[in-house]
Each structure stands twice: as structure tokens, then as C-alpha cells.
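What follows is a set of notes on a single structure, which appears directly below.
Worth knowing before you read on, the calculation uses all heavy atoms, side chains too, and leaves out hydrogens, waters and symmetry mates.
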Amino acid sequence: MMKLRRLLCLAAVSAIAVPLLVTHPAGAENSMTSSTPDADRFITVNGLRLHYLDRGDPSKPAMILIHGIARHAHTFDHIAPVFARDYRVIALDMRGHGDSAWSPEGAYLVEDHVKDLTAVIRELGLPRVTLHGNSTGGRVVQVYAGLNPDRVERLIVEDVGPERPQSIADSFARRVAQEANGWASEDELVKQLVAQNSRTPEPLLRTYAHFGTTHRPDGRLVWKRDPSLVKGFVETELWQYVSKITAPTIYVLGGASPIVPAATAQRLRQTLPNCEVVTMPGLGHYPSEEDTAGFLAIANRFLRRG
């Protein structure tokens, strides 16, 4: 039954992603046929065994996708095949998330995740990378790009900036506490997610739930995440790193999201020499999920720009 549900999740996501593929220039289909399906892989860095999904031709330039807090690598399943036409696409489960190991010390600051990303890039022998991160993953890729300006080709940051106020940290801590007892079934969780995320297609939310949960001994469904993530999800200010970014960078913001205030967006434009800020009207914190076609149009234009 679990295997069947996994196949249904993959089929549902494919149904969303595939129509987008035919909107691209001639020749794109050939690059898709040369890519490989997601390969589940593991790598040990900084004493932790991390899981990642590896898709595409390994001889192509590398793109690494970093998810948001309490999420996982499969939340990129709807866009990774599109990027895999031109890139080797690596979607990482950050420490404490998904199928990656938990930190015994509860080390989950942005800088801890950056150390892992740095080690993964080094261990995989990737000379230069394009990075895409959303939410907390967006903070991670910003810091990496600031610390390693010579290693980053391009940078896509989805609805997040250099600052995390205490109010957002407190909100996540409340969420972890509220969800501690889990759900009776995947369907019950998906129903809740649909109610909370009205702009996001149900198949994407089911993928999020399906690959992001596990059963407790009593049968309750719970998230595959370390409750100690709250120790690292604290008030944060990263301008010291972000100000050193030199790679072409695009911030894609949700117009209905409060995460990146207008003053912060303006400061990004003024601070970074090669920065574009695009707002997608009416969207929330995950524009790539709420309007996948619109997001990909923006991202692909940026990636293909000379």
C-alpha cells in the first residue's frame, strides 16, 4: 500500500510538471530524455549522514536546491525535472529533516546548514554551483554565496531575505508544539495542509506529506523532523554575509507574504551589485508551488540571461 501511494504521489506531481515542459524551446524534450530519474543518495559530512536526490546528467553544471524549515528534498519534485534539462540537479535534505540524520547537539543555526552545504559541494567535487533555496534554504544559500563568491554561478532566493524576526521564530516553535501528536492518517494531514495552503495544488501538498512523515510505534503519523530544530530557528540577521554576494542573484517574492518587507527588498537592490527583486502578486511564501509556471518562467529567464 505504501509503495502504491508513493507511485500515486509521483504521478500526480508529474501531471503538474509535464505540461510545463512543452512550453519551452525546441530541443528541450531531447535534454529531458537524456536525464535520469531521481536517485536517492547519501553522503556523510560533519559527522552526519545526509540524504539527497540526484537528477540529470552529471556532466552538466550543478544546481543545488535547498528546502525550507520542516520540509524536505521531495518538495522540489515539481520543478527539479525542468531544471534537469540544463543542470545536474541535487536536492538536499538538510540535517534534521527528511531522511537526513539529526544533530545530537541540536545544532540547527543557518550557519550549521551552511557548513553542511559547503562540505557536500566539496565532497561531490563541484567546482561551481547554481543555488536555489526557499525559506530557510534561501537563507542558507545566501550565506554560502557570500562566503564563497568564486564558487557560485547564479543564485535564486525564494521569498526570504537576510533577516528573521523573533515573531517568525516564535511562530515555528508554536507549530512544532501543536503538531507533536501527529495525525491519524496521511489523508487527515493532507486535508489540514489544503485548508492552510489554499493556493498550493493538492498533489504538491500530498508529496510534502507523503515523503515528509513516518509512523510512530503507536501508529500516529508524525513529521520526519527533529523537534530540536527550534533551537536553531531563532532571530537572525545575515547582512554581513549577504553583502558579500557577487554572483547574479534574483529574489522571487510572494506579493502576499510578509517575510521580506519592502524596505528589505530595497536594501537588497542597493547592497548587491547584480541583484534583481521580482514580486509575484497575490502569492504567499512558496511562489514556486503556488504558481509553478509563473515561477519557472521567471527562473528560466534569469538562468538563461547572458
Keeping [X] on the side-chain end and [Y] on the backbone end, is there a donor-acceptor pair under 3.5 Å?
| X | Y | value |
| --- | --- | --- |
| Arg220 | Asn181 | yes |
| Arg139 | Glu237 | no |
| Ser100 | His51 | yes |
| Arg151 | Pro127 | yes |
| Thr118 | Val114 | yes |
| Asp291 | Gly294 | yes |
| Asn134 | Gly68 | yes |
| Glu158 | Ser288 | yes |
| Tyr108 | Ser103 | yes |
| Arg55 | Ala80 | no |

Taking ring-ring contact (aromatic ring centres under 6.0 Å, His included) as the test, write out the residues that go with [X], two or more places apart.
| X | answer |
| --- | --- |
| Tyr52 | none |
| Trp102 | none |
| Tyr208 | His72, Trp223 |

Mark yes or no: Arg164 above the aromatic ring of Phe172, with NZ or CZ under 6.0 Å from the six-membered ring centre and no more than 45 degrees from the axis.
no

Q.
Which residue is it: Phe295, Tyr144, Tyr251? I am looking for the one with a ring-ring contact (aromatic ring centres under 6.0 Å, His included) to His132.
A.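 It is Phe295; the other options fail the test.
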
With the threshold set at 4.0 Å, does a side-chain nitrogen-carboxylate oxygen contact exist between [X] and [Y]?
| X | Y | answer |
| --- | --- | --- |
| Arg206 | Glu186 | yes |
| Asp150 | Arg128 | no |
| Asp99 | Lys224 | yes |

Evaluation steps, side-chain contact (heavy atoms from CB on, under 4.5 Å), between Val176 and Leu229: CA-CA 9 Å; Val176 171; Leu229 287 171; over 6 Å; no

Is it the case that the side chains of Asp57 and Ser59 hold a donor-acceptor pair, with the cut-off being a distance below 3.5 Å and no angle test? yes

Side-chain H-bond candidate by donor/acceptor type, Thr207 with Asp77, under 3.5 Å: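 There is no such pair (donor and acceptor under 3.5 Å, judged by atom type) between the side chains of Thr207 and Asp77.
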
Under the side-chain contact (heavy atoms from CB on, under 4.5 Å) rule, what do Thr271 and Val242 come out as? Steps first, then yes or no, please. CA-CA 9 Å; Thr271 302; Val242 173; 5.8 Å; no

